[in-house]
Amino acid sequence: MEDIMDLHTHTIASGHAYNTLYEMVHAAADKKVQLLGITDHAPMVPGACHPFYFRNFRVIPRVLFGVNLMMGCELNIIDYDGTIDLEPEYRKRLDFAIASIHEQCYEVGSTAQNTAAYLAAMKNPDVHIIGHPDDGRVPVDFETLVCAAKEAHVLLEFNASSLHPRSHRVNSRANYITMLELCRRYQVSIILDSDAHCAEDVAEHSRAHALLREIDFPEELVVNSSMEKAAEYIPYLANLLDNGGLQQ
């Protein structure tokens with residue numbers, strides 16, 4: 001399967017990543033990535049940047065080293081009502097956003113409570129992707145999650161870093177198999193992302209690809225192969241395509 005994008009990466013602005021924006025884009029160029037998303041953590045993650053960081057994206061070129069660049073944020077879901085931790089005045093300046101649960105910013109609840117948190121976040125029009133919903137430490141009802149993603153027209157992320165042998169997340173492989181089989185059943189699209197916190201890991205999706213091949217997951221449900229497929233879920237990207245703003 002052709003894989004031309006990686007929309008979940010972090011720079012030193014996140015506080016626990018190790019390369020600059022330009023270093024991350026340069027790594028993407030070396031790996032022939034066509035579309036890169038920078039999604040530094042929203043402020044509630046310890047060590048993350050001030051909200052003002054997200055106000056000044058207008059100064060950043062959207063094509064660097066031949067790579068199309070989108071500037072977003074990994075928002076934190078902070079309660080069972082799906083509240084996210086970046087105010088609207090900053091969210092409106094993002095090209096797109098991922099919403100994730102991080103234990104540092106969220107009191108883990110029951111399966112029903114955690115699922116409700118994701119479902120409420122999906123209803124926020126500023127949220128386009130649900131990040132790494134695989135961690136067994138935050139149990140969810142995957143059938144409800146998948147069906148809600150289809151209704152809300154939000155992408156579910158298959159986070160390749162969760163499959164790394166040193167990942168801190170629990171039971172991710174089994175949880176992803178469950179989620180993917182439900183995505184197949186209900187025809188729900190996914191996005192593969194690296195969650196790279198260093199340049200070497202940009203577009204490192206190999207473990208995710210291996211699992212997709214293992215379960216014979218349908219390529220048509222993976223948006224990474226096409227700008228047009230991803231643009232169905234990300235209005236900023238759709239606007240770029242409509243107005244010839246992407247470098248092919």
Side-chain angles (χ1 to χ4, degrees), residues 6-21 24-25 36-60 62 69-109 113-135 137-138 140 145 149 152 154-162 167-169 191 193-198 201-202 233-237:
D6 186 2
L7 298 191
H8 186 168
T9 67
H10 297 271
T11 76
I12 55 174
S14 285
H16 58 278
Y18 302 97
N19 289 95
T20 66
L21 184 151
M24 297 296 279
V25 181
L36 180 70
I38 299 291
T39 51
D40 283 311
H41 284 287
M44 281 194 68
V45 167
C49 54
H50 190 278
F52 268 30
Y53 169 81
F54 300 101
R55 289 189 59 156
N56 202 32
F57 285 166
R58 69 184 186 280
V59 306
I60 299 172
R62 291 307 197 269
L69 179 63
M70 296 199 308
M71 298 300 299
C73 179
E74 186 177 13
L75 306 165
N76 297 293
I77 301 170
I78 62 175
D79 59 30
Y80 310 139
D81 294 324
T83 307
I84 51 180
D85 65 334
L86 194 65
E87 294 300 317
E89 66 174 295
Y90 302 109
R91 297 201 306 265
K92 70 182 181 181
R93 300 172 187 269
L94 305 175
D95 299 341
F96 75 111
I98 299 170
S100 306
I101 288 177
H102 297 101
E103 287 188 293
Q104 301 92 336
C105 314
Y106 175 86
E107 183 177 347
V108 176
Q113 288 171 321
N114 300 330
T115 305
Y118 279 124
L119 267 55
M122 287 181 192
K123 294 178 181 178
N124 189 315
D126 294 330
V127 171
H128 308 102
I129 299 169
I130 292 295
H132 50 72
D134 56 271
D135 192 344
R137 298 174 302 176
V138 186
V140 297
L145 182 77
V154 169
L155 286 167
L156 293 175
E157 181 183 73
F158 186 3
N159 189 299
S161 76
S162 296
S167 174
H168 60 278
R169 297 173 192 140
I191 185 167
D193 283 321
S194 70
D195 202 355
H197 284 65
C198 68
D201 287 336
V202 170
Y233 298 87
I234 302 173
Y236 176 85
L237 182 56

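Just so it is clear, the structure is predicted and the values come from calculations on it, not from any experiment. No hydrogens, no waters, no symmetry mates; every other heavy atom, side chains included, goes into these values.
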Side-chain ([X]) to main-chain ([Y]) donor-acceptor, under 3.5 angstrom:
X	Y	answer
Asn19	Cys198	no
His41	Cys49	no
Asp79	Gly82	yes

With a 6.0 Å cut-off on ring centres, are Tyr106 and Tyr80 close enough? yes
When rounded to the nearest 0.5 angstrom, what distance separates [atom1] in [X] from [atom2] in [Y]?
X	Y	atom1	atom2	value
Thr39	Leu75	OG1	CG	9.5 Å
Ile129	Leu156	CD1	CG	10.0 Å
Leu7	Ile234	CG	CD1	5.0 Å
Ile77	Met122	CD1	CE	8.0 Å
Met70	Leu237	CE	CG	5.0 Å
Tyr90	Asp126	OH	CG	14.5 Å

Please evaluate residues Phe158 and Ile191 with respect to the criterion side-chain contact (heavy atoms from CB on, under 4.5 Å), reporting the C-alpha separation (whole Å), side-chain torsions for both, the decisive distance (0.1 Å), and the verdict. CA-CA 6 Å; Phe158 186 3; Ile191 185 167; over 6 Å; no
Considering residues, nucleotides and ligands other than Glu107, do more than 12 of their heavy atoms fall under 6.0 Å from its CD? no
I'd like to check [X] versus [Y] (side-chain heavy atoms, cut-off strictly below 4.5 Å). Are they in contact?
X	Y	answer
His128	Pro235	yes
Pro46	His16	no
Leu145	Pro133	yes

Donor-acceptor list for residues 95-104 side chains, cut-off 3.5 Å, not counting sequence neighbours:
{"unit_1": "Asp95", "atom_1": "OD1", "unit_2": "Arg62", "atom_2": "NH2", "d": "3.3"}
{"unit_1": "Asp95", "atom_1": "OD2", "unit_2": "Arg62", "atom_2": "NE", "d": "3.0"}
{"unit_1": "Asp95", "atom_1": "OD2", "unit_2": "Arg62", "atom_2": "NH2", "d": "3.3"}
{"unit_1": "Asp95", "atom_1": "OD2", "unit_2": "Met71", "atom_2": "N", "d": "2.7"}
{"unit_1": "Ser100", "atom_1": "OG", "unit_2": "Glu74", "atom_2": "OE2", "d": "2.7"}
{"unit_1": "His102", "atom_1": "ND1", "unit_2": "Asn76", "atom_2": "OD1", "d": "2.8"}
{"unit_1": "His102", "atom_1": "NE2", "unit_2": "Glu74", "atom_2": "OE2", "d": "3.3"}
{"unit_1": "His102", "atom_1": "NE2", "unit_2": "His132", "atom_2": "NE2", "d": "3.4"}
{"unit_1": "Glu103", "atom_1": "OE1", "unit_2": "Arg137", "atom_2": "NE", "d": "3.4"}
{"unit_1": "Glu103", "atom_1": "OE1", "unit_2": "Arg137", "atom_2": "NH1", "d": "3.0"}

Please report the shortest heavy-atom distance between [X] and [Y], naming the atom on each side.
X	Y	value
Thr9	Ser194	CG2-OG, 3.8 Å
Pro43	Pro51	CG-CG, 3.6 Å
Cys73	Leu86	SG-CD2, 4.2 Å
Asn124	Arg91	ND2-NH2, 3.7 Å
Asp40	Ser14	OD1-OG, 2.7 Å
Asp6	Val202	OD2-C, 3.7 Å

Side chain to side chain donor-acceptor pair (under 3.5 Å) assessment of Asn159 paired with Asp195: CA-CA 7 Å; Asn159 189 299; Asp195 202 355; 3.2 Å; yes
My understanding is that only residues two or more places apart in sequence, or in another chain, count here; which of them pass salt bridge (Lys or Arg N to Asp or Glu O under 4.0 Å) with Glu87? none
Please assess Ile78 against Met44 for the test side-chain contact (heavy atoms from CB on, under 4.5 Å), listing each intermediate value before the final yes or no. CA-CA 9 Å; Ile78 62 175; Met44 281 194 68; 3.4 Å; yes
Could Arg55 and Phe52 be counted as a cation-pi pair, given that NZ or CZ must be under 6.0 Å from the ring centre and within 45° of the axis? yes
Restricting to side-chain contact (heavy atoms from CB on, under 4.5 Å), what partner residues turn up for Thr115, sequence neighbours left out? Thr111, Leu119, Val140, Asp141, Thr144
Can you check side-chain contact (heavy atoms from CB on, under 4.5 Å) on Val154 and Ile130, steps first, answer last? CA-CA 7 Å; Val154 169; Ile130 292 295; 3.9 Å; yes
Any luck finding a side-chain donor-acceptor pair between Asp81 and Thr83 under 3.5 Å? no
Walk me through whether Ile38 and Leu69 qualify under side-chain contact (heavy atoms from CB on, under 4.5 Å). CA-CA 8 Å; Ile38 299 291; Leu69 179 63; 3.7 Å; yes
